[in-house]
Amino acid sequence: MLIQPFEFQLKDGRKALIRSPRDEDIPGVLNYLYTSAGETEFILRYPEECGKYTPEAEKTLFDRVNASDHEAMLVCLVEGKVAGNCQIMWSTGMKTRHRASVAIALLKAYWGQGVGTRLFQEMIRIAEENENILQMELDFVEGNARARALYEKMGFRITGVRPNAIRLKDGTLLNEYSMVREIKR
């Protein structure tokens with residue numbers, strides 16, 4: 001699904017652009033995936049696992065998502081650099097098409113600048129415009145207080161926990177929490 005590009009202002013005054021990914025974004029997205037994986041333990045990959053992300057694979061992903069009628073991806077660009085991205089997808093199956101799954105990640109340099117809020121507002125708009133979607137769902141890793149605060153601000157609530165779902169390199173086990181946001185109609 002293609003999303004019309006739009007600009008907004010970061011809290012520090014810089015302009016940001018949000019739009020569907022394009023082929024020209026591939027190098028920036030690959031760098032973002034690698035960098036973000038090393039900035040926090042709350043992303044479900046380590047930098048050394050990013051080798052599976054290739055220009056060809058990203059092009060295939062972008063083409064599939066942009067042509068889809070049941071998923072959308074957004075990239076946020078600040079001064080031409082990929083600051084973060086998000087994705088929303090929903091099933092076409094009759095029993096589950098009311099559920100949309102969302103995911104988001106930002107580079108640390110853009111935390112607290114309003115990027116996450118603006119990306120979520122757009123994902124919520126997409127969900128609300130689809131008459132089948134009744135709820136949005138996401139997961140977050142134990143200890144990620146910043147993400148939890150954003151999700152709660154956007155109307156999500158915790159609905160479950162997967163104990164010891166994440167195992168860090170040092171052996172630390174972390175819970176993963178599920179959250180849901182109902183779509184008000």
Side-chain angles (χ1 to χ4, degrees), residues 1-11 14-26 28-29 32-33 36 42-44 57-78 80-107 110-141 144 146-160 176-185:
M1 171 181 301
L2 288 171
I3 304 301
Q4 287 296 321
F6 61 91
E7 290 187 345
F8 74 102
Q9 190 168 343
L10 300 181
K11 290 180 181 176
R14 290 180 290 171
K15 294 250 188 245
L17 173 67
I18 293 177
R19 61 170 167 71
S20 297
R22 300 177 181 164
D23 289 352
E24 66 205 52
D25 300 324
I26 291 171
V29 167
Y32 149 80
L33 290 167
S36 63
F42 303 123
I43 291 179
L44 299 182
E58 290 305 294
K59 178 172 179 24
T60 299
L61 173 66
F62 292 176
D63 289 348
R64 187 196 82 232
V65 170
N66 288 340
S68 175
D69 62 355
H70 62 276
E71 63 183 316
M73 180 185 291
L74 300 169
V75 294
C76 178
L77 302 161
V78 178
K81 181 179 178 181
V82 175
N85 81 333
C86 67
Q87 191 166 0
I88 179 169
M89 62 186 84
W90 54 96
S91 171
T92 57
M94 291 176 66
K95 290 185 177 183
T96 57
R97 66 179 168 210
H98 68 286
R99 300 168 56 200
S101 175
V102 297
I104 186 171
L106 308 175
L107 290 175
Y110 301 97
W111 293 359
Q113 290 295 314
V115 175
T117 297
R118 193 61 191 94
L119 287 170
F120 259 102
Q121 288 169 340
E122 188 63 12
M123 287 192 292
I124 290 167
R125 182 195 66 75
I126 292 166
E128 288 175 341
E129 287 182 358
N130 183 315
E131 64 185 25
N132 291 319
I133 298 175
L134 301 178
Q135 67 186 38
M136 298 170 71
E137 304 172 0
L138 60 80
D139 298 318
F140 77 93
V141 178
N144 194 349
R146 295 179 64 84
R148 179 179 178 174
L150 170 63
Y151 304 154
E152 288 175 343
K153 177 176 93 170
M154 301 311 295
F156 287 80
R157 63 182 171 78
I158 293 176
T159 56
E176 188 173 49
Y177 293 89
S178 298
M179 299 185 89
V180 169
R181 180 191 191 278
E182 286 86 13
I183 301 297
K184 308 289 190 254
R185 302 229 186 266

Kindly indicate, with the supporting measurements, whether the criterion side-chain contact (heavy atoms from CB on, under 4.5 Å) is fulfilled by E7 and L17. CA-CA 4 Å; E7 290 187 345; L17 173 67; 4.0 Å; yes

Tell me whether D25 contacts the main-chain N or O of R22 through its side chain, where contact means a donor paired with an acceptor under 3.5 Å. yes

Do the side chains of [Y] and [X] get nearer than 4.5 Å, heavy atoms only?
| X | Y | result |
| --- | --- | --- |
| C76 | F8 | yes |
| L33 | V82 | no |
| I88 | M1 | no |
| W90 | N132 | no |
| V141 | L44 | yes |
| N66 | P21 | yes |
| I183 | Q135 | no |
| N85 | L74 | no |

Any residue meeting side chain to side chain contact (heavy atoms under 4.5 Å, CB included) with [X], in chain and number order, not counting sequence neighbours:
| X | value |
| --- | --- |
| I43 | S36, T40, R45, A105 |
| L61 | E58, R64, V65, M73 |
| R14 | L10, D12, V78, E79, Y110 |
| K153 | T117, L150 |

Would you say CD of E129 has more than 12 non-hydrogen atoms from neighbouring residues, nucleotides or ligands within 6.0 angstrom?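 Check passes, neighbour count above 12.
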
Check whether more than 12 heavy atoms from other residues, nucleotides or ligands sit under 6.0 Å from atom CD of Q4, and answer yes or no.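 At most 12 heavy atoms, drawn from other residues, nucleotides or ligands, come within 6.0 Å of this atom.
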
Per the salt bridge (charged side-chain N to carboxylate O under 4.0 Å, His left out) rule, what does the pair list look like for residues 90-100, sequence neighbours excluded?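 Residue pairs passing salt bridge (charged side-chain N to carboxylate O under 4.0 Å, His left out), neighbours aside: R99-E137.
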
Kindly determine whether Y32 and V75 satisfy side-chain contact (heavy atoms from CB on, under 4.5 Å), including the steps that lead there. CA-CA 10 Å; Y32 149 80; V75 294; over 6 Å; no

Output every pair passing ring pair (Phe, Tyr, Trp, His ring centres under 6.0 Å) with a member in residues 113-133, not counting sequence neighbours, ordered by first then second residue.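 Sorted result for residues 113-133: F120-Y151, F120-F156.
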
Salt-bridge contact R125-E128 (side-chain N to carboxylate O under 4.0 Å): no

When you look at Q113 and L106, which way does the side-chain contact (heavy atoms from CB on, under 4.5 Å) test go after all the steps? CA-CA 10 Å; Q113 290 295 314; L106 308 175; over 6 Å; no

side-chain contact (heavy atoms from CB on, under 4.5 Å) between R148 and I158, intermediate numbers included: CA-CA 9 Å; R148 179 179 178 174; I158 293 176; 3.5 Å; yes

For [X] versus [Y], what's the shortest heavy-atom pair and its separation?
| X | Y | value |
| --- | --- | --- |
| A72 | I126 | CB-CD1, 4.1 Å |
| K11 | G114 | CE-N, 4.1 Å |
| R181 | M154 | NE-O, 2.7 Å |

